[in-house]
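The analysis underlying the following values was restricted to heavy atoms, covering all of them including side chains, and did not include hydrogens, waters or symmetry mates.
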Amino acid sequence: MASRSPLSADVRAESRISVGYVLAESMRGFDPRRQVRHPVMFTVYVLFLFIVVVMIDPPLFPDITRGYDKIYYLGTAILLFLTLWFANLSEGIAEAQGRAQAESLRQIRGGLVAHRIDTAGQETTVPVEMMRVGDVFVVRQGETIPTDGDVVKGAAQIDESMLTGESQTVLRESGGDRTSLLGGSKVSEGEIQVRVSAIQGQSFLDRLIRLVEATTREKTPNEIALNVLLSALSLALFIVVLGLVYLCQITGYAAIDVATAASLLVSLLPTTIGGLLPAIGISGINRVAQANVIAKSGKAVEAAGDLDILILDKTGTITVGNRLAVQLVPAPDIEMSDLLNAAMLGSSLDDTPEGRSIVRLAARQGAKPGRLEPGSFRILPFSQERRTSGIVLGDGTEIMKGSVTAMQEYAGALPASLTLTATEAARQGMTVLAIARNKRTMGLVFLKDVVKPGIKERLAELRRMGIRTVMCTGDNRLTAASIAKESGVDDFIAEARPETKLVVVNREKAQGRLVAMTGDGTNDAPALARADVGLAMNSGTSAAKEAGNMVDLDSDPTKLIQVVSIGKQLLITRGALTTFSITNDVAKYFAIIPVLFAAAGAGFAGVRELNILGLTNPHLAVLSTVLFNALMIPALIPLALRGVPFRPRSAIDLLRQNLLLYGIGGLLSAFVGIKAVYIVLVYLGQIPGWQHFLAAIAHFLPGGFL
């Protein structure tokens, strides 16, 4: 499925990342309150500050600044600064992507007003800030919907392209499941009355703006665990390097000054993954947004990568949502024209989607709509007791429609042929209604909730990912079995009550499985809130969107396939870059340690033999390693933001890929990169102009940095 940004083309053109913002954000990242949130980079931050303090007045630290080299210390400080700045830069770029979208979305909201209807039916124009939950307003063709709400009267074609990027309009009408509206969308055709479901500041658009900015992104459990691991590793390496410096100090075998010790520690720390970790998490949410899905937390995105089971609501999720009339079948002794006229009259004032579809089907087959004068008829609305609905005309004619069972109680047993036809239609997944006039059965009307195109192929793809799919529906077993077979779900639960979905979610979670739930109705809200991943449809009710931790702007339940892929991509990217960072650090050990002991006694001959890169100048070897270490962060920013490509495969295959591609790649790239940087620095040191430049710097740094 192609990814699209949740913005129209015009808005996307204005949502480019601001270079100025990224640079400013990267400098604000040096605030110690922000650095302390990232343990590895905070260690680098402390070392950088310590080197700067040493450079200000070296005589204050006589024991650790023997043979103080001004240029070497300055170079070390600059490279540590670059390491920190590149890490800040990666996080700034990721956050800027969200902020650019947020600014564009704010333009949609600006200056909106509402045509509020008071209790007396009078219309007044008020600023949207004055609207309260429960207020009713009217929106006409060409007008923008000021805030979130539900259609209570009328029907209209809605343009949501400013929010979803989808140019095709969608139908929103009263009396069905598709009543929810988003503030900021436009009425392209029709007129509707809307009841406010969220005030400004709490609307979906406002929440969307806050979410895509990602400034207060909560760390996921896996990210927290990795941070703990990196913190422990940083502490262990600090103790090792400190012990090495102390050993060299008391034995006199080698001289390791504070700049070299700091560089050694920074080189061995997993600074690559430490610097990119925030960007990886933020970019996961951004990639979900590009798929037109709004994630309310990073936890939901990460959980999607580990799902075991997906529970789908049938109506509006697997199927289109509204049952539509597809066929009229007359009783054996009834003419088709009589059935058409009865169907037209009995549903002409039925404002439900099913009633309107019966009128459209009867009209297509030749029925002529009659004119009903006010006061000449009486409507009999549907009730749980009667289980039928209909109309009584002024001459006493009574036309009723309802389920086959209910109509048998009203008009007597159906003819045998009609009963067989009704049973076969139910077996095929259709809903059967009977129509009667004056307690005489006229015929049947078949309603069918159409399975969404491509759903079977998408569910098969989920199965290949190892995710089991279960359809939960209130339909009878015959209808549920037919829909399950047509859609390709692994299992189904028929005659489900609203609480059934919640029971299923709790049961699966109790068995240690990660559960996803998709739905669009108010009855889906409890299960959506309980599931690890609750994907609510944008076309659904406000309660469903509020309960879920993800909202699909395209209202496509199979979008979960893309969300799962993004979640797995997030986990794979983090694992791959962690593997790369650690093996990269192993190679740096071979670059620094052997050359530091090159001048030591015969007892360190074995260590000197590890100098496989052939580095001879200790200071240049250290600077080359730290410079390469710093450059790897910006080099990997595109991969961290884009993510490692995901293809469905087993965990063993993914582990093998990480070890071979990113593990061995980390080793080889460090060897080649450090050697290349060393050669460049040696070459620069031989250029007279470069030597004069360094001499000028040394001239301005007599005895210290200041």
Side-chain angles (χ1 to χ4, degrees), residues 121 151-155 173-177 179 193 322-426 430-449 476 479:
V151 180
V152 294
K153 184 177 181 181
E173 56 187 342
S174 62
D177 294 328
T179 62
Q193 290 185 16
N322 292 330
R323 294 176 299 174
L324 305 178
V326 294
Q327 187 178 356
L328 286 162
V329 178
D333 56 344
I334 299 297
E335 295 292 332
M336 174 61 83
S337 58
D338 291 338
L339 173 61
L340 291 176
N341 290 331
M344 176 70 77
L345 278 172
S347 299
S348 58
L349 298 176
D350 185 348
D351 198 36
T352 65
E354 293 85 353
R356 287 193 288 265
S357 72
I358 293 174
V359 170
R360 288 194 295 267
L361 177 63
R364 285 199 301 269
Q365 296 190 16
K368 302 296 183 181
R371 180 175 178 81
L372 296 174
E373 297 294 337
S376 66
F377 61 89
R378 178 167 55 92
I379 296 176
L380 299 176
F382 178 84
S383 67
Q384 289 291 345
E385 295 79 15
R386 188 172 55 244
R387 294 180 297 158
T388 59
S389 63
I391 186 172
V392 179
L393 303 180
D395 60 2
T397 300
E398 186 178 75
I399 301 175
M400 304 294 292
K401 69 175 186 289
S403 67
V404 171
T405 303
M407 293 304 292
Q408 284 177 332
E409 295 176 1
Y410 168 77
L414 271 65
S417 61
L418 215 56
T419 301
L420 290 175
T421 302
T423 302
E424 180 60 28
M430 290 185 279
T431 300
V432 181
L433 298 180
I435 299 176
R437 182 170 61 194
N438 295 331
K439 296 189 176 183
R440 180 186 181 188
T441 302
M442 304 293 291
L444 305 175
V445 57
F446 298 158
L447 304 174
K448 186 175 182 180
D449 195 357
N476 60 59
T479 302

Exercise. Just wondering, do Phe446 and Thr431 contact through their side chains at under 4.5 Å, heavy atoms?
Worked result: no
Seminar exercise, completed: Nearest heavy-atom contact between Asn438 and Gly396 is OD1-O, 3.8 Å
Acceptor/donor pairs from residues 410-423 side chains to any protein atom, 3.5 angstrom cut, sequence neighbours excluded:
{"from": "Tyr410", "atom 1": "OH", "to": "Glu398", "atom 2": "OE1", "distance (Å)": "2.4"}
{"from": "Thr419", "atom 1": "OG1", "to": "Pro415", "atom 2": "O", "distance (Å)": "3.2"}
{"from": "Thr421", "atom 1": "OG1", "to": "Ser417", "atom 2": "O", "distance (Å)": "2.9"}
{"from": "Thr423", "atom 1": "OG1", "to": "Thr419", "atom 2": "O", "distance (Å)": "3.0"}

Exercise. What distance do Met407 atom CE and Lys439 atom NZ have between them, rounded to the nearest 0.5 Å?
Worked result: 10.5 Å
Seminar exercise, completed: In terms of heavy-atom contacts, Ile358 and Leu433 come closest through CD1-CD1, 4.5 Å
Exercise. Between Met442 and Asp338, is a side chain to side chain contact (heavy atoms under 4.5 Å, CB included) present by the stated rule, with each step listed?
Worked result: CA-CA 8 Å; Met442 304 293 291; Asp338 291 338; 3.8 Å; yes
Exercise. Roughly how far, to the nearest 0.5 Å, is the OG atom of Ser403 from the CD atom of Glu409?
Worked result: 8.0 Å
Problem set entry | Minimum-distance pair of heavy atoms, taken over all atoms of Leu361 and Gln327 | CD2-N, 3.5 Å
Exercise. Listed by chain and number, what are the salt bridge (Lys or Arg N to Asp or Glu O under 4.0 Å) partners of Arg440, not counting sequence neighbours?
Worked result: Asp333
For this session: Please report the closest heavy-atom contact between Ile391 and Met400, naming both atoms and the distance.
Result: N-SD, 4.5 Å
For this session: Show your reasoning for whether side chain to side chain contact (heavy atoms under 4.5 Å, CB included) applies to Leu444 and Ile435.
Result: CA-CA 6 Å; Leu444 305 175; Ile435 299 176; over 6 Å; no
Could you go through residues 340-347 and list every donor-acceptor pair under 3.5 Å that involves a side-chain atom there, pairing it with any protein atom two or more places apart or in another chain?
{"from": "Asn341", "atom 1": "ND2", "to": "Ser337", "atom 2": "O", "distance (Å)": "3.2"}
{"from": "Ser347", "atom 1": "OG", "to": "Ala343", "atom 2": "O", "distance (Å)": "3.4"}
{"from": "Ser347", "atom 1": "OG", "to": "Lys401", "atom 2": "NZ", "distance (Å)": "3.3"}

